[in-house]
S.K.: 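Got a structure for you, questions after.
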Amino acid sequence: MPPSVAAPRSLRRLFSTSSFFPPPAAAAAAAAVAQPRVEPEPNTNLFVSGLSKRTTTEKLREAFSQFGEVVHARVVSDRISGYSKGFGFVRYATLEDAAKGIEGMNGKYLDGWVIFAEYARPRPPPASPLNNGFPSYGHQ
DNA sequence: TGTGAGCGC
């Protein structure tokens, strides 16, 4: 089934106004470090972007709860200003609920804005208390 | 104009 709307990352090139070609070596080096163009593998965690600044965590959970059991939802906001950054995360209880959530909410309107829902990228923990707050450095 | 394409403390 083809998606009815483009993925957020695909929109970036539409905003590009560059009229010259980048150096091939630099482009190849950047491609080696950049994220692959494939979508993230299915996960119960969803990354939701395109949110209105007025959309709150409760509204996010409310909207996504129609398609499955939401165990956690969060709109990311600036810690000091308190304003929404325009994206958030929704975690479903099961993979199939997450899939239904994407199918049901991706490209739909929430608070007047078209939102994008996709699988969130896996994120390693910043530090482990077992290592005295320091990340593992390969030392045994 | 927290009018943006952004992965969380």
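Everything quoted here is computed from the prediction, not taken from an experiment.
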S.K.: Who passes side chain to side chain contact (heavy atoms under 4.5 Å, CB included) against A/K108, sequence neighbours left out?
M.R.: none
S.K.: Sub-3.5 Å donor-acceptor pair from the side chain of A/S65 to the main-chain atoms of A/R61, do we have one?
M.R.: yes
S.K.: Could you give the CG-to-C1' distance, from A/N43 to B/dC7, as a whole number of Å?
M.R.: 12 Å
S.K.: I need the CG-P distance between A/L46 and B/dC7, as an integer number of Å.
M.R.: 16 Å
S.K.: Hey, is A/F116 doing a stacking thing with B/dA5, by the 5.5 Å centroid and 30° angle criteria?
M.R.: no
S.K.: Does B/dG8 have its OP1 or OP2 closer than 4.0 Å to a side-chain nitrogen or oxygen of A/R123?
M.R.: yes
S.K.: Report the glycosidic orientation of B/dG4: syn if within 90° of 0, anti in every other case.
M.R.: anti
S.K.: For the C1' atoms, the ones on B/dA5 and on B/dC9, what distance do you get once it is rounded to whole angstrom?
M.R.: 23 Å
S.K.: Quick check: on DNA chain B, is the nucleotide nearest A/R74 upstream (toward 5') of the one nearest A/W113, or the reverse? Name the residue that is more 5'.
M.R.: A/W113
S.K.: Taking the nucleotide of DNA chain B with the nearest heavy atom to each, does A/K53 or A/H72 sit closer to the 5' end?
M.R.: A/K53
S.K.: In whole Å, I'd like the distance from the CD atom of A/E118 to the C1' atom of B/dG8.
M.R.: 14 Å
S.K.: Step through it carefully: locate the ring centre of A/Y119, locate the ring centre of A/F47, and say whether they are under 6.0 Å apart.
M.R.: no
S.K.: For A/R91, check side chain to side chain contact (heavy atoms under 4.5 Å, CB included) against everything at least two apart and list the hits.
M.R.: A/T44, A/N45, A/V71, A/H72
S.K.: For A/T56 and A/K59, indicate whether the former's side chain and the latter's backbone hold a donor-acceptor pair under 3.5 Å.
M.R.: no
S.K.: Just how far, in rounded Å, is P of B/dG6 from OH of A/Y119?
M.R.: 21 Å
S.K.: Indicate, with a heavy-atom threshold strictly under 4.0 Å, whether A/N45 touches base, sugar-phosphate, or nothing.
M.R.: base
S.K.: Can you check the A/R91 CZ to B/dG8 C1' distance for me, whole Å?
M.R.: 11 Å
S.K.: Over how many whole Å does the gap from A/I115 atom CD1 to B/dG4 atom P extend?
M.R.: 19 Å
S.K.: Considering every strand and a 4.0 Å limit on heavy-atom distances, what is the contact class for A/L51: base, sugar-phosphate, or nothing?
M.R.: base
